[in-house]
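What follows is a set of notes on a single structure, which appears directly below.
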Amino acid sequence: MLRKLMIGTVLASGLAALAHAQDGGRVEVLHWWTSGGEAAALDVLKKNLEAKGITWADMPVAGGGGEQAMTALRARVTAGNAPTAVQMLGFDILDWAQQGVVADLNDVATEEGWDAVVPDALKQFSKYEGTWIAAPVNVHSTNWVWINKAALDAAGGKAPETWEELIAVLDAMKENGITPLGHGGQAWQDATIFDAVVLSLGTDFYKASMIDLDPAALSGETMREAFARMEKLRSYVDDNFSGRDWNLASAMVIEGEAGMQMMGDWAKGEFLNAGLTTGEDFVCIRFPGTQGAVTFNSDQFVMFEVGEDLQAAQKEMASAIMDPTFQIAFNTVKGSVPARTDISDEEFDDCGKKGMADLAQANENGTLFGSMAHGHANPAAVKNAMYDVITRHFNGEISTDEAPAELAAAVEAFK
Amino acid sequence: MKERLQDYIPKLVLSPSFFLILVFVYGFIAYTGYLSFTDSRILPSYNWVGLENYERLWKLPHWWRAITNLAIFGSLYILICSVLGLLLAILLDQKIRAEGLLRPIYLYPMALSFIVTGTAWKWFLDPGIGLEHTMHQWGWESFAFDWIKDRQMAIYTVVIAAVWQSSGFVMAMFLAGLRGVDSDIIKAAQIDGASAFTTYRRIIIPLMRPVFLSAFVVLAHLAIKAYDLVIALTGGGPGQATELPATFMYSYTFTRNLMGIGASSAIIMMIMIFSIIIPYLYSELRTGVKR
């Protein structure tokens with residue numbers, strides 16, 4: 001059925017386009033999925049396109065959050081030679097859309113009914129002023145806690161559901177002689193925990209402070225409580241945490257050196273690769289107090305404006321990304337959940353199933369929010385201003401009492 | 001005709017590099033200067049906003065932190081490198097055996113890039129795997145050296161790594177200077193009964209003045225543009241404890257989408273470098289004329 005739709009799309013875009021699709025067509029894809037699992041996941045898409053006779057020109061720029069990739073993109077766009085599709089996150093997409101250099105995917109989107117299946121919170125980024133500009137690949141949610149099962153059993157065995165229970169578990173782990181919280185001291189990791197802490201103080205509070213940037217919420221008493229909780233969590237981290245990469249922190253939990261890690265669902269890949277099983281060797285829970293709400297970040301392929309000869313292949317690619325079989329194949333490998341809500345969860349593991357159910361539920365209840373730590377709540381300048389305060393506080397440079405006012409001031413300066 | 005050609009050839013040969021430098025160095029300096037007065041964010045824009053970027057820059061605690069760190073790092077780096085370099089050079093200049101073997105050993109760190117130095121020192125200073133860990137394994141349980149994880153002390157670890165890298169180079173500069181000292185002067189001093197210490201303090205070290213000046217200029221500009229060392233060693237952390245102007249500039253221009261502020265910080269860095277280089281060139285050129 002979908003194949004036919006795709007062929008229909010190609011036909012609809014005219015004979016010339018068809019001719020191009022047949023004689024190859026070419027997509028140039030800028031991305032930073034270079035690590036083993038990620039590259040394997042992306043390879044699925046590449047193969048699907050090659051089956052249609054489209055050449056895949058790979059342009060990988062390695063580097064975690066895609067900073068280097070964005071720098072490379074800037075150079076390409078400034079030179080007037082944009083790639084066909086670029087992997088991108090959150091507000092970066094809107095920043096580029098504002099520059100007026102992205103393509104219009106409305107005809108593919110209407111034809112395939114993207115509007116009905118993509119969650120609204122994602123559409124905020126995939127669409128700019130009513131026009132589809134990007135095809136979302138996945139949804140990562142960031143308010144997860146990954147717990148070593150053996151360490152949890154030794155600490156009482158019950159997964160914490162409230163802040164108080166979490167503290168009790170952490171204290172018990174400390175007494176058992178392990179590092180309770182495996183964490184890496186990098187600004188974005190500190191902010192990932194902060195995201196979840198703010199969310200645990202209420203979905204309204206998260207929206208007011210992180211998304212609407214309400215000065216009263218940013219500097220108020222609840223924010224002070226959020227920083228107080230951060231300070232408390234800081235006391236469960238080992239002394240040698242600063243600068244540690246997130247996957248090393250995951251390794252600490254895997255090996256039982258640390259009890260738990262608060263990290264997005266990409267961490268699951270580390271646990272699975274180490275041969276651990278969901279439920280038996282490790283437990284995945286939502287950050288205590290945030291069950292029912294989800295903070296997400298979503299990898300999307302933004303389509304850039306290209307010459308007419310490349311447009312047919314570009315639309316094919318967009319449609320191939322939204323293909324349900326691809327979304328399943330990709331996301332089971334990557335650890336994330338599909339970006340459409342109409343996909344069966346059969347092939348996913350327990351954490352994946354839970355992730356998909358939580359996402360659908362949050363989407364329905366309006367508690368699906370963009371993650372501040374991952375650039376889905378506010379633009380890069382504001383995000384980094386928040387990082388500065390969060391990381392300075394986490395490292396003890398500013399006190400819990402000063403932090404809310406600092407946060408409000410920092411946000412104000414870059415709004 | 002032939003003489004004419006000989007007049008032109010040097011100019012002709014130099015002109016491509018002159019042109020390239022004009023465009024790619026001075027042209028882009030001017031472009032950055034222009035951008036620092038615009039509201040450029042993700043891509044360059046040409047909306048003139050006057051001095052707004054500079055005003056915002058100097059209000060940022062992050063920038064002040066970077067400047068303060070540069071002051072600490074720069075002064076210690078230059079001071080320790082010069083003293084250590086001079087000391088090593090004097091010791092090597094005592095006509096010792098195997099000097100040819102020792103000299104490259106000291107000079108060798110200079111052959112490494114700052115990225116390598118930074119990474120190696122990061123591992124070495126890491127309490128979990130490096131020096132502290134090794135000492136604990138050898139049985140010295142109370143040994144503690146965790147500066148790199150301590151936000152008050154982290155900037156000094158940058159100094160340590162940078163000094164390790166550069167002092168050998170400074171030593172080579174001083175060694176060349178010492179070899180250039182006229183041996184008659186030293187002999188005259190010896191005849192007058194001066195001790196070796198006095199000879200060095202009163203005669204040889206004062207003669208090293210131009211070397212001090214060159215070393216200062218080289219080290220100062222290395223300090224101001226220091227970027228790779230910090231990125232490899234601490235990544236600017238813990239928190240923002242080791243941010244320097246160069247890391248600040250990169251993060252504002254390229255990752256925070258605030259190109260205007262990034263450009264203004266680049267211009268401030270350039271002014272700092274020029275304020276060191278221009279007096280130096282001036283004094284060099286003046287003495288050149290006197291001769």
Side-chain angles (χ1 to χ4, degrees), chain A residues 63 65-75 77-78 91-92 94-101 179 184-190 237-245 248 252 257 375 379-385 387-398 406 409-410 412-414, chain B residues 31 39-45 52 55-63 65-66 118-119 122-123 125-130 132-133 144 146-152 154 157 230-243 248 250-262:
Chain A
E67 283 171 10
Q68 286 84 337
M70 287 301 110
T71 311
L73 175 64
R74 219 178 291 241
V77 172
T78 316
F91 270 82
D92 281 345
L94 301 183
D95 282 345
W96 281 103
Q98 270 170 19
Q99 307 291 331
V101 289
T179 303
Q186 293 172 338
W188 70 270
Q189 295 188 49
D190 300 341
V237 171
D238 62 323
D239 291 335
N240 197 16
F241 78 109
S242 82
R244 177 188 289 142
D245 284 323
L248 299 181
M252 288 171 67
E257 268 174 58
V382 178
K383 176 188 85 172
N384 281 296
Y387 273 20
D388 290 350
V389 178
I390 293 164
T391 200
R392 278 167 64 205
H393 169 264
F394 200 72
N395 284 288
E397 279 176 50
I398 41 179
E406 285 267 349
E412 195 53 43
F414 289 106
Chain B
Y31 187 54
D39 62 353
S40 302
R41 293 178 76 94
I42 189 165
L43 289 177
S45 104
E52 198 189 302
E55 282 164 19
R56 289 173 73 184
L57 178 70
W58 287 105
K59 275 189 206 146
L60 286 172
H62 192 172
W63 173 247
R65 165 55 63 84
T119 310
K122 177 168 87 177
W123 292 337
L125 293 172
D126 190 308
I129 53 175
E132 187 178 305
H133 181 67
D146 58 352
W147 283 12
I148 198 166
K149 303 289 177 188
D150 181 341
R151 69 193 154 81
Q152 307 285 358
T157 63
V230 176
I231 292 296
L233 188 67
T234 62
Q240 296 175 342
T242 50
E243 290 279 355
F248 176 95
Y250 183 83
S251 95
Y252 273 72
T253 312
F254 295 114
T255 63
R256 301 190 177 207
N257 296 345
L258 290 165
M259 200 178 273
I261 293 183

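The candidate from B:D150, B:D126, B:D146 with the greatest count of non-hydrogen atom pairs under 4.5 Å with chain A is B:D126. No other option in B:K122, B:Q152, B:R65, B:K59 has as many heavy-atom pairs under 4.5 Å with chain A as B:R65.
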Trace of the side-chain contact (heavy atoms from CB on, under 4.5 Å) decision for B:N257 with A:F91: CA-CA 11 Å; B:N257 296 345; A:F91 270 82; over 6 Å; no
Report the C-alpha separation of A:D388 and B:R256 in whole Å, then their side-chain angles, then the decisive distance to 0.1 Å, and conclude whether the salt bridge (charged side-chain N to carboxylate O under 4.0 Å, His left out) test is met. CA-CA 12 Å; A:D388 290 350; B:R256 301 190 177 207; 2.9 Å; yes
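When all heavy atoms of A:N395 and B:P238 are compared, the closest pair comes out as OD1-CB, 3.9 Å. Residues A:N240 and B:P127 approach most closely at OD1-CD, 3.5 Å, considering heavy atoms. Between A:S242 and B:I148, the closest heavy-atom pair is OG-O, 4.4 Å. Nearest approach of B:R151 to A:G396, heavy atoms of both residues: NH2-O, 2.9 Å.
Residues meeting the side chain to side chain donor-acceptor pair (under 3.5 Å) test with B:W63, sequence neighbours left out: none. When the side chain to side chain contact (heavy atoms under 4.5 Å, CB included) test is applied to A:T78, the partners found at least two apart in sequence or on another chain are B:L43.
Neither the backbone nor the side chain of A:D190 has a heavy atom closer than 4.5 Å to any heavy atom of chain B. With a 4.5 angstrom heavy-atom cutoff, A:Y387 does not touch chain B via any of its atoms. Only the backbone of B:T253 comes within contact range of chain A, with heavy atoms under 4.5 Å apart.
A:R74 contributes a side-chain N or O that, together with a main-chain N or O of B:I42, makes up a donor-acceptor pair within less than 3.5 Å.
Heavy-atom contacts from other residues, nucleotides or ligands closer than 6.0 Å to CZ of A:R244 number more than 12.
Atom CG of A:D238 sits about 9.0 Å away from atom NZ of B:K149, to the nearest 0.5 Å.
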